[in-house]
Structures are given as structure tokens and as C-alpha cells.
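Letters go in sequence order (proteins before strands), and every chain restarts at 1.
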Protein chains: 2
Amino acid sequence: ASKYHFHRRFSARPNVPVFAPLDTFPTRHIGPNIAEADQMLAVLGYSSLDAFINDSVPAHIRVSDATVSEQSISALSESELLSLARDIAGQNKVYRSYIGMGYHNAVIPTVILRNIIQNPAWYTPYTPYQPEIAQGRLESLVNFQTMVTSLTGLDISNASLLDEATAAAEAMVMAFTGSGQKKRTFFVDSGVSPQTVAVLRTRAKGFGINLLVGDVFEALKDSKVTSDLSGVLVQYPDVDGSIKDYSELAATVHSLGGIVACATDLLALTMLKPPGEWGADIALGNSARFGVPAGYGGPHAAFFSVTEKLKRRMPGRLIGKSKDVTGKPAYRLALQTREQHIRREKATSNICTSQALLANVAAMYAVYHGAPGLRRIANRVHVMTQILKENVESAGFAIINKDFFDTLTINVGKVVKDAEIVHQASVAQGINFRKIDERHVGITIDESVKPADLIDVINIFNTVASRAPISLSNLTSPTTPSFPDALVRTSEFLPHPVFNTHHSETELLRYIFHLESKDLSLVHAMIPLGSCTMKLNSTTSMIPLTWQGYSRLHPFVPADQAQGYARIIKELEQDLCTITGFHSCSLQPNSGAAGEYAGLCVIKAYHESRGEGHRDICLIPLSAHGTNPASASMAGMRVVPVKALADGSLDLVDLKAKAEKHKDNLAAFMITYPSTFGVFEDGVQEANRIIHENGGQVYLDGANLNAQIGLTNPFTCGGDVCHLNLHKTFSIPHGGGGPGVGPICVSEHLAPFLPTHPLVATGGSQAIEAVSAAPFGSASILFISWAYIKMLGGQGLTDSSKLALLNANYIAHRLRGHYNIRFKNVKGRVAHELLLDLAEFDKKAGLKVPDFAKRLQDYGFHPPTCSWPISTAMLIEPTESESLDELDRLCDAMIQIRKEAEDVITGKQPRDSNLLKNAPHPISVIALSDAEWNRSYSRQEAAFPLPWLRERKFWPSVSRIDDAYGDLNLICECPTVEELADKNLSQAAL
Amino acid sequence: ASKYHFHRRFSARPNVPVFAPLDTFPTRHIGPNIAEADQMLAVLGYSSLDAFINDSVPAHIRVSDATVSEQSISALSESELLSLARDIAGQNKVYRSYIGMGYHNAVIPTVILRNIIQNPAWYTPYTPYQPEIAQGRLESLVNFQTMVTSLTGLDISNASLLDEATAAAEAMVMAFTGSGQKKRTFFVDSGVSPQTVAVLRTRAKGFGINLLVGDVFEALKDSKVTSDLSGVLVQYPDVDGSIKDYSELAATVHSLGGIVACATDLLALTMLKPPGEWGADIALGNSARFGVPAGYGGPHAAFFSVTEKLKRRMPGRLIGKSKDVTGKPAYRLALQTREQHIRREKATSNICTSQALLANVAAMYAVYHGAPGLRRIANRVHVMTQILKENVESAGFAIINKDFFDTLTINVGKVVKDAEIVHQASVAQGINFRKIDERHVGITIDESVKPADLIDVINIFNTVASRAPISLSNLTSPTTPSFPDALVRTSEFLPHPVFNTHHSETELLRYIFHLESKDLSLVHAMIPLGSCTMKLNSTTSMIPLTWQGYSRLHPFVPADQAQGYARIIKELEQDLCTITGFHSCSLQPNSGAAGEYAGLCVIKAYHESRGEGHRDICLIPLSAHGTNPASASMAGMRVVPVKALADGSLDLVDLKAKAEKHKDNLAAFMITYPSTFGVFEDGVQEANRIIHENGGQVYLDGANLNAQIGLTNPFTCGGDVCHLNLHKTFSIPHGGGGPGVGPICVSEHLAPFLPTHPLVATGGSQAIEAVSAAPFGSASILFISWAYIKMLGGQGLTDSSKLALLNANYIAHRLRGHYNIRFKNVKGRVAHELLLDLAEFDKKAGLKVPDFAKRLQDYGFHPPTCSWPISTAMLIEPTESESLDELDRLCDAMIQIRKEAEDVITGKQPRDSNLLKNAPHPISVIALSDAEWNRSYSRQEAAFPLPWLRERKFWPSVSRIDDAYGDLNLICECPTVEELADKNLSQAAL
Ligand SMILES: Cc1ncc(COP(=O)(O)O)c(C=O)c1O
Ligand SMILES: Cc1ncc(COP(=O)(O)O)c(C=O)c1O
Ligand SMILES: O=C([O-])O
């Protein structure tokens, strides 16, 4: 009976009154209940949770219980949270925005909204590093890639980047590295959106790129530019709506050995000659208007496509087609996968988490509409813009841009003194236009605009010009496009069957569920990925996200329209400061890696402000995540590695030596705490003291913050700045590889340098420029972390960290004797994750990490993090959300696999063909004929090694994938009609 | 390219203007596009859709194109619909209701809301008649049954009934039949809710039961009552909140040979001695407060449990445990399955569609909370009620009911002249109390009530009494319950592991998805169930349902608070009249069968109004659905069967003979059109003329209305009344066996008799009493059909029927030559469904209908309707929503199965063990060892008989289920701890 005790409060709490809410969240979020926790503590030899925590976390870094407590952050129940969320949504004013600048009111087909964005089977999986259990979203990401290459007319596309501005920065850096880092000038046309320019400025700095902004046609006449030019960036259509013919320009840049990057718009490209056809080398942009809610700035997927010859230098993740060991076609992450882990400080991009979920939404949108549907949408948008132009001109206003797709820049000067008059008139109608300057107003039309909306817009101008309003019957529609013939798209796009089959809701629904059925997510089983913190993503925290009050805000609306968001942002910043011990926070970075980069730029700016701009050495332990050195390089620092001792802890002697050696140039030290080896090192404060003594700042990588909350914090550990992965510790779902949010928290002395934004002022008084396109990054999903914190409350947050530690140590205990747990502290405790070293099995039986990982798939689990931070190891992180039952299931599976390995070691099973080497075993293999099966173990042993697998098992959909084949044959698009017909498989593959 | 044409309008439409909405619904709802339709027409030998329709539907019953057209019902796009839905939701006032009377403000855990109620994989499957592909919801329904028996203390429970009132009616009829239909008196205590009494009155009439209402204790002193008593119905707690000890009463009734039925409340039973422990034979009630939104009255699941000795007479569906042919435990529909099909007019219940989806929600709610959670909720509700009592008494009011759980009846007479004063004060605060009479006000507390809400309620009384308001700090909580010790529950409940395991959100989420993974639904493949019309249930029509503006209304709120609902109801009634050709409509019946019953009662009332109350003969074709004769009996009619001719059409000679023979007593004729044989009979109008000439009324069973819309209609066919299954033709999802809505439409002369309701006047001037507990039945889901009609518009509706016919005829064409299509019209056309007669295979090879059906499961399809209306046949209905690809997939599968059957016929495969007899083949069988496999066909042939199955296949989770075993061993609860432990399978089964 005590096993089924209802309350799950792990810290003492004075008598729960009868009026305490019934639907408190901690009991739902935390897997084990009190009785189970007691049972686990007993197994570990503790009589109390506190005693266990005392052995796990070094005493000298502990913070007081009051730090993160019911007093500092009080808990709301689930229903209280929902009702508050409703009130706050009401504080956002959902006006109609025609602001454009890369953000639109997307129309999301409800079947996609409900079955992808709102479906945990789509939003809870991790990045598809285990392709055998991720073929669904891999296929969908290939659809995304295909959509992008087809629309941009380029050869290859990646599977998304964080936003248009950072994608532009990647292009700039590709141009720079393309010149062998010799040509330092990169020219940006003045038609590029200001937020993109801001992010480029930040990025240019670290690389020492000479960024120039102006009229690109003029610039190419200037030899100072041309002699040192690595590339140019143009926008097509540009931010003011103009469409220019860049084909000659492209030829010129190419003749100079430079690269042409083009920021563009997928919808426009259904009508406009694609960049690939007029000579662009890189096309990039925001795919959000393909069905992704605006969400006050994000998240959404940036796209990035390049020519064949640039493909192996493209940043980000790329999905490629390969085949499995049985020859069955299968997708996998191909090029650039975690490239920072290999290239580390030589990497020129730190992109890791990207925007998979939103890329999937955009791809599904294209699958649902197909080319004819997209063309119809584009045509309507364009025709409406033409009508708008005519009517605005009739009212006496001048349109600046002759050639346009969906955006007009209107000179209001002939009619009114100040554009403010127009804006006041529009806002009074609940309508936002783009504010450009005193004379100019911008308007962008999108798919959501209905005829009546258009009339409203037109009549604002009529009213301002004191003319009679028009009505629907006055509208007539032009029939030819408003851009030159030479720029009209003539090539077909999206001819692939996948874009021409699922056009009924039933068909799309089945396609979505068919893909879903191939992917393991948190709805199936634990995903014990070390360093990834795959915890519960609660429904209550997700529900309000797609309410109009949150989803329909343009990022650049006037502040008074976003008071609800302002509250969420402010409270989340405060709570994160409470939790980290820091003074200030910026929510702008869109991923952990982006946070690292932002944090290091802040450190640089700090040094510069003190006249120490020369400080550029960054010490980084060898065990650090690959994004750390990559980010340091990007911020213009030189990386010096620091060694670890045999027990996994930081080599303080080495650290001291290097800090002192570089004391005059020491900029920063990056440390992950607890370490990526899964231990709370005693020496963290000491290490950080050394750094400070030598003039450096300490960057704490907060990926492992889940181990710390309420127990210690980055400030107490001696840090000056840290990033948090809200998509780890703070429960934003991983979305199958993004979105993410990587805010940075800083000490008071760094607060002035937090990033600003060109359109909405954020950050400090001496702010660095923007690091993301939107002022608050992926604003809408900040709600999730805000809700997570509010529902757990301080005590629930602290309990969560305690239980995360307990769960990890319970696993360590159960696996002890079966596996080599590489690092523990002196008390025998690991932190919130544990590192199993499998080296012995390779030595004894030729069994490698992937053999264990793939075999774990046969048990229905997602494998732990593999071969990182030690190549022969697995890193297991259970999180607090996993129940004791689930922990036991995982341990049982691991122990059984250990037995299977033993059979190989003893020679009972052959080395080259055994349960591990042949894993995973999909149904297609289990169903092989007897002759083909031909193995020294049975189908039963392969498929159902433990009894519960007969009742509950997630099946891999393909056999082990042949990475080598995929690397050699890089195919990153979905099959064409012909390919499918060839294989006579047209139905099967769809 | 034409294959990928975007527009899918099948009827000519004058030039689509550029301003036509982009997101029109018909193109998404209808599977084939225009080019595909043309292709199908060509295959059938037609050059136009109209030519095809002319051959399919008899000319003399056709209606003009204007009948159901863009003019009569104009179409809204999906986004227009959503925005209108938002406006209409705003016209409902979401006040806090404390009205009680069986309806509460349920708190639905968001994880259940999102992953069951809003998840198409849960809401689109059909009733689990194919258990091998339905183990998930079968298990969940067993949880429901277990929850009900455990809480009510009775032995066995069914898997839901329509609502509490109809459940009470079933109990009354069981009492009546229990007396061998000899004792005609049934006594209902005055504490029973008025809507229950109303429904009992209606039902009593048809059976000739003498229904008495009054004080049940007094009644048992009256020998006129006791001498003829079949049973009593009490309510516990009663409608006024009182709790009485009925144990002695039960003994008395039993001593008289009568039955004690008890309407009760599951939450109260966590604290109160359960009915089964004090002698009730039947417990029934509404399970909605377990997580089901109020939705202005429904849908929700009624529960019904009985003692062991009554179990084989219990109405409704019962899930039982059986095993599959390999011995693996498996669930199935057990007793009473479609009992009307067997007993027909001897059946005393017509229940068919029930409330599976809502039963699943209630069961999951109990799984999530477990006994401790439920106890905590109940305790809070009770303590709040106690506090309310104290405070209201302090304010000078008198509480009528001394013993209570959550409801107080307050005599306001000492303080105010008229209770209206209290109601005015409460409504002014946005609060509704129950209106009883001038002196009494009722208040019911539920889980949603927060301390601040309680204060608001208390202060209304303080204000009315001119006393100072109190605040939260004034509250103190009592510690002992407010009902006698003898009625305190002492027995445990819900000890089963399933109710004690999934208490964290992660665990529940996985449990939900685990069950989901076993069930085939529309998200996987076509469900071609004849007569069930499994079409698209569009996301857009589902989304608004769970908005607060629709979900949170109590059914008895004042009319001015439900103006949004009033609009939906009125427009839906009008549109259904437009479609059927009738004059008036009642939306009250909760299922097709309930509609039949209501319609026949209306006919009876009509005859009575004309002094022809003796008319009681109902002619029904032998091919009619079993609910028809059952409903007729229940309405007090005598059924006379009518024969069919060899070509499947009605035997008009037989009809005429019988109509004339019974002309003095002829009440009605029930006909399904097109017939259940899948043909539009030419003689329908003639048949109906014969009936009218002989004084009868024509009841048209509208289950097949999908074939008619815009082409013909029940009025034109000669009907006087019809029911519609909104859960078929009008796109309400089937929910895995309910909810349903079965409105009736009637001619003008029947309109006065449409049903009324005791609390909210509905129906005509000479209305029959209520047929459902709520005035508008399952009001919230009416939205779905309303939206479906509005989004398709008249033209889209008509096109849908045309395409439904085309799809069926295309299948008939493809299967011709392979299978015997039993009935066609003279032009060779079937209607919207087709009947394949498989009799030949039994003769030639011993292959029966289930062998084909189960084998179709191996192809990933849900089998068609089996053995009905002809025992050797399958009835296939594709609906308009299936695409040509999907139709071809089904036909390919059927043709391949035909080949497999040929191998048995020719002796290539043995008769007793072959692909059909052994079907379905779950993975566990495919993975058998070679020795166990031991079949004359390969695993590959079993699992992947067609190539596309390798890519996309839904797997049955068990082998064929042993019905005989299940019938003998009726086990209808989920496993206990001990049972699981015995099998050492505790994890597996959870
Ligand atoms: C230790 C560590 N630092 C940084 C990152 C990068 O975070 P992101 O993927 O959000 O860019 C990760 C991601 O796994 C990590 O584990
Ligand atoms: C012809 C016919 N009539 C009546 C019904 C009964 O409808 P319901 O299940 O909604 O009670 C059905 C249900 O399948 C049917 O097919
Ligand atoms: O609740 C909503 O209105 O979306």
C-alpha cells in the first residue's frame, strides 16, 4: 500500500492543508514516489535523501535550502497555471500584423498543428542519431531538404539552422573560409533585414571579418571592396519588398573568386526565378511561413542550401540516404554530424541543436499543399499586394518598390507629414504596419490575409488621405506579376511523389502517423541520453503555446501589445537568476551552443571595456562538449586544452600552469559542471579561483544544471556566466533535434554586455549586438520553461535535482559488477549521469559501443549517449522523471546484454555474428526464411530476450545502417517518381 | 501533372475567383481528386459523374440540384469556420456552475485531454468487434468495468451506457423482465433526478410498466405497491444531496422478489458504503466527473453494474478476458454483443453505440489518480461542502439535508422571500446555483472548486443575509464526515496494479501510447465497415470542442448563458432538415438506436393524438439492423417481418399483403435506404405509399444517408421520420464505440410530438417526454456535425455523396470476377456500399467469413462488416474520404486473399491450416521457432503477402481470439496484483 502513496514530496513540508491544490505538479513530474525513493535509498545504504545528497554534492559548494525554495519560487498547481496562462495570454494583444521583415502570420493546417506540434510522439524524440529508430522524422527532414533545394534551385540543403540571421552568419563564414580565411571583406546589401545585419556584425567580429553594408551594385565598382572580397549577401525579395536581378552581380562576384549568398523567401520562390538559377551559391532564409506560428519570434526553422561544390562545407545537420546491412534503403544523419566533436576549435560553426520539429512542420505543409497549392497561395498573396499597391497609389501615396512579391514600401510624405499618423490610424484599427522612418511605411501580405482584411488595410490609407473608403466589390485583380519576365520562375518544383500524394486530410494524417510509428520517443520508453536530460515535457506546459494569445504575435509589435510576453520573460529571467545565483539573464540565444557563443562574446566585450581586448586565450578541458571549443573560436578566442586526471577530475596542476602561462592573455575558462564524466568535482571553486586570479572569466556550460538546482549553482561554483539548455533542464521538448533555447545568465559585472537587438532594445547598457534574429529568441517556447518552474516551485525544482541524482545512482548501483563505471566520487557516488566504459568488451570480444547501443534498441530503449566524452563509453542520464519500474527495466536490459556479451567472450556465440553485432533486429529480419536466418541464436532470443518485451516493445524499422555507404553516396532528397517507379515500390515508400 | 491538380470540385462551379478562400474543406475531405475521379469513372465506363449518378440513383426519387447546394448551405473555409467558432464560443457565458443534478465541472488531466480526447488514434477507431486489432481500448474498457465494480461493490459492470437516465431505464426494464414481465409496478424514489424520472416515464410506457414516484420508504408500506412490485430505483446520494441507508429497504424489496436499482455517484462511493454492500442489485450513474468535460450535457459515459446473478441479462457491451489460439490472454467483446441481431424484437434493449471514448477517459482518470488520489479529491469536495454548510447556516439559512456528500439543499425562506433573490445575487457574480423552487436553492461542490471559489459562494449568502463577507483565513475544516458511521466506506477499492502504477505523467503517457499502439484506427488505414461510414473526422471540426466556451457549460444553465449553443443547435437542425427534406428535428437522442426509439415513440404519440393509440404493428424487413425490431418492441409495437426478393429488393407483394392484413393496427414501417444490401431500391416510394394507404407511418433508418445527400432524401423517398447517425454521415468520430448522436427529423405532422425535457423545454407542443438525460443529448459534439456541414457547404455535401457512390462502385468493379457481389441494380451499380457473398468458399474449402476478415488484418486493414445483413457476407463501405490509392490497396489485398483462398480450394494448402485459417499472424507468431512454425507457407507469405506491407503495416497484437473460451469463462476485470505476480508478468501486462 505504501508503494502507492499519493503524495510525492521528497522534502519535509509542514502539514499539507486540506486546501492545498489537488493537482500539484511535482507528484506528476517526478517518476518515483516517496516509498520508491525510500526503497532506492535503502538499496544505496542511506536512511534519508539528505544523507545521500550530502555524499553526492561537495559540501563547500552547497547553497542554503532557502535559495530555491517555496519562498523564493512558489508553486502553482496545474489548473492554477492554466488559468494564469489564460490571463497572461489576454495581456498580449493579438493585432493583425503586416510588419513582414521575414515574419508572417502563417496558416497552419490543423491536421499538422494537432498531430505534429501538439503530439508528444513528434515533439519528444531526440536528434535522430540512432537512425534505426528514427526513420520517420529522418524521412520528413529529407522532405524538408528536398523542398528547400527544389524551391531554391540549389543542389543540397541541410536539415535546418536556428534562424535566418544566424544562417546568414554561417554563409558569411563559409565565404571567409572559402577564401582560405584570406579575404576579409564581406559585403552585405542594404536590402538585407536589419536583424540579419546585426547578427552578422556580432559574428564578423570574432572572425575578424570586415563587414560592409551598402548598395551591393555600387560596392562592386570599388576596388577596395573587390580586391578583398570573400562574398556578398543579398536579399531576394529584399526587406523593402524590392526584387532585383542579381545574375550579373553573381557573375562578377564569381569572377572575383567570391561567393554569393542570398537570403530569400520560399513562398516567393514559387513565382520567382530561384537563386540557384541566377547564380547564387548559397540560399538561406526562414521557412516559418510554411505553417509555423509566429510565436513572437520563434521557434521556426531556417533553411540553408548550397551548390554541389560547397556541400561538404555546409554547416548543420544533413540527412542522407544510405541502406541498412540487409540492403534496405534507410536514412541517416550524414555530413557534419557533431562536426565540432571532431574538429573542435577548428570548427567554424558550433551549430548543434537546430530546429527539427519546425522543419518537419514546414515540410509537412509542403507535402500537404504540393506545388499547385503553394502556387495558388503565392499567387493570392501577390495579387493582393498588387491590389493594395493600386489602391494605395490611388489614395495619393507613392510606392518605392516597383518590382515586388508581397511587400510594399510606401512613401507617405505626399499625404502626411509623419508616418506616425498612418501608424496611429492603423493601430487604432488593431493593425500593425512596419515602422521604417518618418516618411516610409512597410506592408507585407501573407496567406492569412482575407479580402476583408485587405479592405481594412486599404481604407486606413483612404482615411488618412481623407478619401472615401472602398468595399469588397471595388476590388479587381490584375493578372500579370509585378516583376520582370526575366525573374519569373519557369522551372517546375516539388515534382516528387511525396509532395503530390498526401493532399487529402486523411492521407496526410496517415502519412504523419506512419512516420511517427517508426520513431522512438518519450511516449515509448526512457531515453537515457547522457547530457541531454530527456525528462517529462508536461502537457500542461505545452497546451497554452498554441493559443492565439501566444502564437500569433509578430516579434516586432509595439511593446504595449506584448505585455503578456513581457511578464513571462521577466519572471523567467528572474527565476533563472534565482536558480543560477546570477544577476541578469538574456533569453536571446536559440540553443545551448548559441548561448556559449553569446556568453563568450559577452566576456570579450567585458575585457574590451576594461582595455583588455587582447585577452583571447580560452582554457577548455579535453572532456568538454565539442561546441565549447567551436564557440570559443567563433568568438575570436584561441583554445588551450586542459587535461583531466585519471579519476576524471580536472587536472588543477595543469590548469594552474596554463592559466599562469597565459595570464596576460587569459580571457576565459569553460567548464561543465558536474563534468561531462558525470561527477561533481571537488576542485571547481579552486579552479575558478585560479582563473580569476589570472585575469580570466569563467564560463560555465549549464548543460548539466539538472544536477544542481537548489543544491549548488554556477555562481557559487565560481562562474561568471553560464548558459542553460532550457530544452534539457527546463523541460522544453527536444522536438527530434530542436527547437532549443540557450539563455545566458551572468554576474553583475557582465550584465551591461548582454546582447541587444536592432528593433526591440534588450540587454545591457554596453550591449553586444544581436546573436539571434528575434529579440527574445524562440520566445513562444519560453512559456514552457516558465510554466515548468512555476508548477514545480522551488521545492519541486530542488526535489527534481535530488531525484535526478538518486535515479542515476540507483542505476549505477544496479549495474555495478556488470559494467565498469568509469568515474565516481570518493563516496562512490556519481552525479546525475554515469559513464560506462565498454573498452574491455572490444578487447575481449571485438564488441564495440555501437554493438551495445544497437542491441539496446532491440530491448525497446533509446541508447544512451555513445562514445562521448570517452570514445569507448556510454553516458547514461535517467532524469528525475523516470519511475523506478522504468529504471529497473533499463537495468534488466543492460544486465541481460552483458550476459549476451559474455557468450561472445566465452565463444558460445561467434564474434562476427551474434546478438550484439547483428542488432538491431527489425521485424523484417525476424520474418526471414529459415535459410536466410541462419544464425546461432533464435528469433526469440533476438526479439524477446526479456519476458516483458512480448507485451511492450518498440521495434526498430530497419537493420543497422551502413554509414560508410551513406558517406560515399550522398543523396539527400526524397525519391522522384521515376526512382519509385523503377523499384515498383511507389506505394510502399509513400 | 493533372493527377496533382489542386482543385477538387466535382460539380461544375462558375469560375473560382482569386478571392475564394485558400483553405476550402471539400478538397481535404474528399479522397480522390478530380483527375482520379475521372480515371475511376473511365474504368466504370462513364464520361461524367452525372451520368454515373443517373445510373446509380433511381430517377424518380432524385431531388433538384438546388436542394442541397451552395445556395441552401453555403461553405465556409477551415479558417473561416474556426474564427466563427470562436465568436460563437464567446456567445456562451462560462459561469461557474454549482447546479449538480449529476453534472459537474470535471477536471480533466491535460495528459488525458491531449492524448486521448484530442488524439485521432483514440477517437477514430470503431467499436472493437475485431479484438485482434483492438486490444488497447479493450484493456482500457476493462479498466472502466473494473473501476465501476470496485467502486459500486457489485460483481460485474458493462463497458458504458448512454447516460444515467437511459441506464436507469435499462434497470427498470431488467426488473420488469426479471419478474417474467408479470409485475408491472416499478417504484422510483422522489430523490431521483427529474431528468431520470422523465426518461423512465417515456420508457415505462412502451413496456406497459406502471411507474410510480414518491417516498420509497412509504411506498413499501402500501400493499398495492408491494403486491405488483418488480423493483425500485433509489438515488444515493439523492438529487437533493441526502444520503439514506437503504439496507433494510433492499432486504424488503428482495423479500418481495424485486430488484433494487441505485443511481449513484462514483466519487461519493470512495467515501460511502457501496451499493453492492448494502444490497443493491444494480448500480448505475454518470461517470463524467471522472475527467469528462460537461459540454452542455454530453457526451459522457453512464456506468451500469450488477450482481453475479443478473450478469447474463445486463444490457450493453461487456468486455471479457479470453485467450488467443496460442493461449495468450486477450480481451474481446463478450456478452450481449449486438444482442439485438440475435434476439431482434425479443430484445428488451436496443443499445448499440455506447460511450467508449468517454468510458476510456473516466477509466484513465482513475488509472492516473488511483484510490489515494480519488480519496483525496472526494475528501476535499466533502470538506468544502461541510464548510459551506456551516457558513450558510451561520448566515441564517437552513440546510434541508442532514447527511450529505457534496450537495446541499438550502431553505432560504428564513432570510429571503424568494429564492430568486439568491439566484440573482449569484448570477450577478457569474455563478449558477440549482433552481429548485421559491424556497430552496441547491449547491453541489466538485473537484474544480478552489478555496477562493468557496469564499465567493459563501459570500453570496452573507451578502443576501446582509452579513459581512468572510475571507480565506476564516475557513476551518471539519475532520469527520457528515454521514452516519454505518454508511462510511470501509472496504478498499482499486487495488489492481493498473490503478497504482501510472501516477506520474510520464508513466500515464506511455500507458496511453502503449494501448494506442495495439489499435487500428483511421490514422492507419481505411476502415471499410459497411453501414458505419468511417469517413474523415476532420481536425478543424474537433479543435473547438475542447475550448472552454463549449466544454464548460452545465446542461441546465439559464438559456441566456448558452446562446452560442442555441445557434449551433438551431443551424444544425435547419441544415439537417434541408438535407432530409423534413420539417423539424430533435437532437436529443444519443445514438442511432436511441433515435429509432424516439422516432417510433413520436409515431405512437401521433397515432394516439388521433385516437388511434391501438395501432401497434410495425413492419420491418428481415434485412433490417437488429436495433430496428428491438426499438419497435421497446416503443410498445409488435414486429411483423417483411421478406426480400432474390435480387435483394423489398418484396412489395409481401409488404402489401402484410400492410393490408394489419391495416387496422398498422403503426409503422421501418426501412433503411439505400437498403442494408447496398442498393437503391426502385420501389421505396411505392412501398411507403402502401404503408400510408394502410394508416401507417414510415420510419426511415438514416444509417445510409451518406448515399443520399443532395441526390435524394428521406422525405422524397416517402418517409415521415428518420434518424441520422451524426457519427456516421456527419463525421462525428466513432470514439472506438461511441459517443454517437442520433437526431430524428420529422414531417410537419409529427413535429408537435418531438421530445421535451423537464428542465429545458425542447420539442413540440404535444411533446413526448424526454428520451435522454440532457435536453440536447450530447450537445458538445453537435459542433462537429455543424462544422462538417458548414465547411463542406451544400455542394461539398452533395459531392461527398457522389464520391461515396463512386468509390463503392469502383471497388465493386475491381473485385468483380474475384468475388460474388451479391446485389446490384439493373444498371449494374451498387450504392455506397457493397455486399460480397463468401458462401462459395465455405462450400468449396471450408473458409468462412471470419477467415477472410482476419486475413485482411494481416494486410493492415480493418475488416468490413462481417456476416451482416447476410451471414455469409461482408459489407464494404469505403466512404468519399478514401483516396484512389487506398481503394486500390484494399482491392489488391482482397484479390490477393482470393488467390490464397484458391490455394486452399485447389488443395495446394491444407484446409485446416492455411493463411486464412491461421490469420491473423501477429509478430509473436512470426517469431516462432522453426519447429513451432511448422506450416506449409512461409513467414514472408504470412506477414508480407504484398510488397507495400514491408513499408507500411499495422500489426495485430494477438492471434485469433477464442470466443468459445471467453464465453465460458467470463472475466471482466483487470488482473490483480496476485494474478500478475503469479504469472511473473507484472511489468509486461502493465
Ligand atoms: C555539455 C553540452 N554543452 C553544450 C551543448 C550544446 O547545446 P545545444 O545542442 O543546445 O546547442 C550540449 C548538447 O548536447 C552539451 O551536452
Ligand atoms: C442500419 C443501422 N441502423 C441503426 C444502427 C444503430 O445506430 P447506433 O449504433 O448509433 O445506435 C446502425 C449501426 O450500425 C445501423 O447500421
Ligand atoms: O482556448 C482557446 O481559445 O484557444
Side-chain angles (χ1 to χ4, degrees), chain A residues 4-6 18-19 22-23 28-31 78-79 107 110-111 114 118 120-121 370 372-373 376-377 380 383 447 451 477 500 503-507 509-510 513-514 523-524 536 538-540 543 881 883 885 889 923-924 926-927 929-930 938-940 943 947-948 950-952 985 987-989, chain B residues 4-6 18-19 22-23 28-31 78-79 107 110-111 114 118 120-121 370 372-373 376-377 380 383 447 451 477 500 504-507 509-510 513-514 523-524 536 538-540 543 881-883 885 889 923-924 926-927 929-930 938-940 943 947-948 950-952 985 987-989:
Chain A
Y4 305 131
H5 192 65
F6 182 83
V18 67
F19 292 127
L22 292 166
D23 54 346
R28 302 305 192 182
H29 173 72
I30 296 176
E78 296 194 47
S79 52
V107 175
T110 52
V111 59
R114 187 131 276 181
Q118 299 181 339
R376 190 165 162 239
I377 294 166
R380 227 281 276 275
V383 166
E447 180 187 358
S477 59
N500 291 283
H503 292 180
S504 77
E505 182 170 334
T506 298
E507 284 293 329
L509 182 70
R510 289 189 191 145
F513 272 82
H514 173 55
V523 310
H524 300 106
L536 171 69
S538 82
T539 316
T540 299
I543 282 183
S881 294
S883 67
D885 275 357
R889 280 204 324 126
I923 299 172
S924 55
I926 298 296
S929 72
D930 293 4
S938 73
R939 290 175 174 84
Q940 307 280 320
W948 42 260
R950 295 185 175 274
E951 262 304 307
R952 172 177 161 187
L985 257 176
Q987 305 224 20
Chain B
Y4 307 129
H5 192 66
F6 182 83
V18 66
F19 291 126
L22 292 166
D23 54 346
R28 302 305 193 182
H29 173 71
I30 296 175
E78 295 194 47
S79 52
V107 175
T110 52
V111 59
R114 187 133 276 181
Q118 298 180 339
R376 190 165 162 238
I377 293 166
R380 227 281 276 274
V383 165
E447 181 187 358
S477 58
N500 291 284
S504 77
E505 182 170 336
T506 298
E507 285 292 329
L509 182 69
R510 290 190 191 145
F513 272 82
H514 173 55
V523 310
H524 300 106
L536 171 69
S538 81
T539 316
T540 298
I543 282 182
S881 293
E882 294 302 335
S883 67
D885 275 358
R889 281 204 324 125
I923 300 172
S924 55
I926 298 297
S929 72
D930 293 3
S938 72
R939 291 176 175 84
Q940 306 281 318
W948 42 261
R950 294 185 176 275
E951 263 303 306
R952 172 178 162 186
L985 257 174
Q987 304 224 24

Salt bridge A:R28-B:E507, side-chain N to carboxylate O under 4.0 Å: no
Chain B contact via A:V111 - which portion, at a heavy-atom distance below 4.5 Å: both
Most chain A-contacting option - heavy-atom pairs closer than 4.5 Å, from B:S924, B:S883, B:S929: B:S883
Smallest separation among heavy atoms of A:L22 and B:R376, with atom names: O-NH1, 3.5 Å
Polar side chain donor-acceptor pair, A:T539 to B:E505, under 3.5 angstrom: yes
Contact winner vs chain A - B:G370, B:A121, B:S538, B:S881, heavy-atom pairs under 4.5 Å: B:S538
Contact origin within A:Q940 toward chain B - heavy atom pairs under 4.5 Å: both
Leading residue by heavy atom contact count with chain B [cutoff under 4.5 Å; candidates A:V383, A:I926, A:I543]: A:I543
Option in B:H29, B:E447, B:H524 with maximal non-hydrogen atom pairs under 4.5 Å from chain A: B:H524
Contacting moiety of B:Q118, where chain A heavy atoms sit under 4.5 Å: both
Structural part of B:E882 lying under 4.5 Å from a heavy atom of chain A: side chain
Heavy-atom pairs under 4.5 Å with chain A, option from B:V107, B:D930, B:L509, B:I923 with the top count: B:D930
Contact leader toward chain A among B:R950, B:R939, B:R510, B:R380, where contacts are heavy-atom pairs under 4.5 Å: B:R510
